[in-house]
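Please read the structure below before turning to the comments.
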2 protein chains.
Amino acid sequence: MTRSGTSTEHSGSGDLSRSLELLWGTGDRPGRGPRPGLTLGRIVAAAVAVADAEGLGALSMRRVAADLGVGTMSLYRYVPGKAELLDLMLDAVVALPADGLPEPGPDTGWRPALEALAHATWRLHQEHPWLLRVDQGRPLLGPNALDRLEYAVRALAGTGLADREKIQLLVALDGFVTGTARTVLNSARAEQRTGVSDADFRRAQEPALGQAVRSGRYPALAGLDEDVFGGAPGDGGGSPAFTLGLAALLDGFAAVVADRAATAPAHPPEGTHHQPPPHGTHRAAT
Amino acid sequence: MTRSGTSTEHSGSGDLSRSLELLWGTGDRPGRGPRPGLTLGRIVAAAVAVADAEGLGALSMRRVAADLGVGTMSLYRYVPGKAELLDLMLDAVVALPADGLPEPGPDTGWRPALEALAHATWRLHQEHPWLLRVDQGRPLLGPNALDRLEYAVRALAGTGLADREKIQLLVALDGFVTGTARTVLNSARAEQRTGVSDADFRRAQEPALGQAVRSGRYPALAGLDEDVFGGAPGDGGGSPAFTLGLAALLDGFAAVVADRAATAPAHPPEGTHHQPPPHGTHRAAT
DNA sequence: AAAAACTGGGTACGTTGTACGCGCAAGCGA
DNA sequence: TCGCTTGCGCGTACAACGTACCCAGTTTTT
């Protein structure tokens with residue numbers, strides 16, 4: 001991998017430090033040769049536009065170059081390869097919504113903040129359905145991804161949770177959102193790609209499934225109402241499964257938070273600023 | 001798509017009924033020409049073996065054919081294309097574990113059953129890390145997938161939930177499991193593919209992240225303990241985030257179940273067999 | 001024996017990511 | 001001012017992919 005000609009479909013290939021350099025963009029022009037005719041930003045934006053409009057399948061280096069009116073290989077002056085381009089696309093797109101999320105102060109609790117974040121993430125995946133199809137090696141933390149993380153951690157600041165628990169909780173929440181989003185997006189994409197609607201699809205399966213169910217091997221399924229799988233999958237505020245699951249998950253989190261607050265009441269859920277522990281146990285996050 | 005030569009990376013291409021036919025295998029030999037030298041099962045098994053051992057990237061029609069000692073194009077006598085092969089691989093692999101899951105009788109509740117199912121699904125993804133990388137169009141329900149669904153629905157039989165709610169709950173649960181699995185698998189795969197360990201990775205990010213955090217833009221992150229992201233990700237019983245999230249989610253489900261049991265007490269959580277409603281409202285699931 | 005139906009698979013095409021290297025432009029030291 | 005160095009734009013070439021097409025060979029039916 002990474003060695004011979006064709007290889008990559010994944011993000012995050014070899015040169016990690018190079019990726020980070022691009023992500024955090026020092027952007028120091030050495031000023032010797034001719035002035036570059038392109039910018040990283042333009043390339044990433046063009047790539048995102050292609051993916052948004054026609055899906056990841058249509059995203060090729062040739063295509064991006066053509067859209068920018070340059071030769072294919074010119075892109076490689078700015079980006080080491082497609083993998084790194086995907087990393088950049090990811091961070092470009094995960095910026096928090098401009099209209100803002102409710103600021104999780106000590107007055108408002110963690111829950112509305114996390115709920116808003118979950119909905120924002122859900123919307124993010126609806127708007128960029130290719131996000132979950134990127135063969136992401138490891139989430140390269142760029143500025144925008146850090147913004148998101150910062151917001152999420154800030155939301156949990158007032159709780160008595162240990163730092164490690166906070167991260168685990170956030171990973172679980174993100175996993176839930178992306179997992180359910182994946183399900184809904186797969187259906188939506190299949191529908192638009194094959195022209196077969198969800199209902200048509202179930203109708204087509206009916207002969208085979210009907211026979212299977214009637215075989216007696218699936219008694220519980222046989223007892224279900226007819227159209228249990230129907231019901232407005234991806235609209236507005238998220239699918240019903242998303243709504244139901246999110247509420248349940250946050251309820252569960254609330255129990256954990258209440259428990260930690262009870263056993264270690266040094267951290268009242270309502271407090272102005274705090275966290276002046278002895279000293280020295282804090283430092284930069286990695 | 002599906003029209004010109006190269007196209008597919010997704011599962012579930014055009015001919016849906018053909019896929020179903022393969023999945024449910026009528027297997028009627030017309031008996032005229034020479035006897036086939038291969039079987040669908042052998043092809044699918046070989047393909048799964050390749051994917052398990054070397055990942056989806058190594059899975060090509062040429063490779064599978066070579067492993068079976070036949071010409072590449074011979075495979076197309078058995079399978080319409082790679083997309084359908086992937087569908088078959090999926091259903092082949094999602095069979096419930098042979099050692100069984102706790103049978104959700106009226107005596108034992110729904111929770112241990114769903115918990116066991118969630119862990120089984122988690123393990124499934126650990127054993128076949130390529131599963132979540134398949135560009136699945138729509139989950140083609142094969143016999144094994146139906147087994148899984150049957151088990152899950154049976155688990156919820158005793159609860160007072162509406163059928164639609166049961167499905168939503170199960171979709172949410174599956175979304176959570178696959179979502180968190182994806183996170184863990186991405187890390188693991190990145191580590192093995194690039195040779196950069198998780199710890200190395202964080203060390204490599206440290207210069208960029210450290211500077212970013214020290215910039216003051218991320219106060220909440222700056223306040224975190226050092227190694228919050230560490231801690232045995234993918235071992236044994238699931239990652240810490242998975243464990244924590246699953247418990248929380250099931251707690252939340254429990255509240256929903258309790259609520260439904262309270263408002264419609266016609267369905268006691270403990271009951272022998274039941275569900276003889278007037279009649280006619282039931283029929284096959286689709 | 002001839003015909004029909006089927007299997008095996010070689011060849012060829014279009015598409016992908018990208019290694020390599022050439023020609024040229026812009027700034028620096030002399 | 002000259003030329004050297006550095007970097008830009010990009011044409012060509014290659015290996016890998018999925019698979020359309022088609023011919024040769026084998027088995028069964030008539």
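- Between the CZ atom of Arg63(B) and the P atom of dC17(D) there is a distance of 10 Å, given to the nearest Å.
- Put simply, the side chain of Tyr78(A) gets close to the backbone of Leu38(A): a donor and an acceptor are under 3.5 Å apart.
- Closest approach of His125(B) to Leu185(B), counting heavy atoms only: O-CD1, 3.5 Å.
- Looking at the side chain of Met61(A), the nearest of the listed nucleotides dT7(C), dT18(C), dG7(D) is dT18(C).
- Within 4.0 Å (heavy atoms only), Leu59(A) reaches sugar-phosphate atoms of the nucleic acid but no base atom.
- The side chain of Arg62(B) sits closest to dG18(D) out of dG18(D), dT18(C), dA26(C).
- When each of Arg77(A) and Ala58(A) is assigned the nucleotide of DNA chain C with its nearest heavy atom, Ala58(A) is the one assigned upstream, toward the 5' end.
- Taking atom CG of Asp135(B) as the reference point, atom C1' of dG18(D) lies 15 Å away to the nearest angstrom.
- Here Leu85(A) lies out of heavy-atom contact (under 4.0 Å) with every strand.
- When rounded to the nearest whole Å, the span between CG of Leu68(B) and C1' of dT7(C) equals 15 Å.
- Checking dG27(C), dG7(D), dT18(C) against every side-chain atom of Arg35(A), the shortest atom distance belongs to dG27(C).
- Lys82(A) places its NZ atom 14 Å from the P atom of dA19(C), with the value rounded to the nearest Å.
- Ion pairing of Arg63(A) with Glu54(A) is present here, as a side-chain N (NZ or NE/NH1/NH2) and a carboxylate O approach within less than 4.0 Å.
- Straight-line distance from the CG atom of Leu86(B) to the C1' atom of dC17(D): 14 Å, rounded to whole Å.
- In the set dT7(C), dT19(D), dT12(D), dT12(D) carries the atom at the smallest distance from any side-chain atom of Met73(A).
- Here the side chain of Asp52(A) pairs no donor or acceptor atom with the backbone of His128(A) at under 3.5 angstrom.
- Between Ser60(B) and Gly69(A), the residue anchored closer to the 5' end of DNA chain D is Gly69(A), taking for each the nucleotide with the nearest heavy atom.
- Candidate nucleotides dC10(D), dG17(C), dG9(C) were compared by shortest atom distance to the side chain of Ser74(A), and dC10(D) ranks first.
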Steps toward side chain to side chain contact (heavy atoms under 4.5 Å, CB included) verdict (Tyr151(B), Asp147(B)): CA-CA 6 Å; Tyr151(B) 177 83; Asp147(B) 275 349; over 6 Å; no
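- Listed candidates were dT19(D), dT18(C), dC8(D). Nearest to the side chain of Tyr76(B) is dT19(D).
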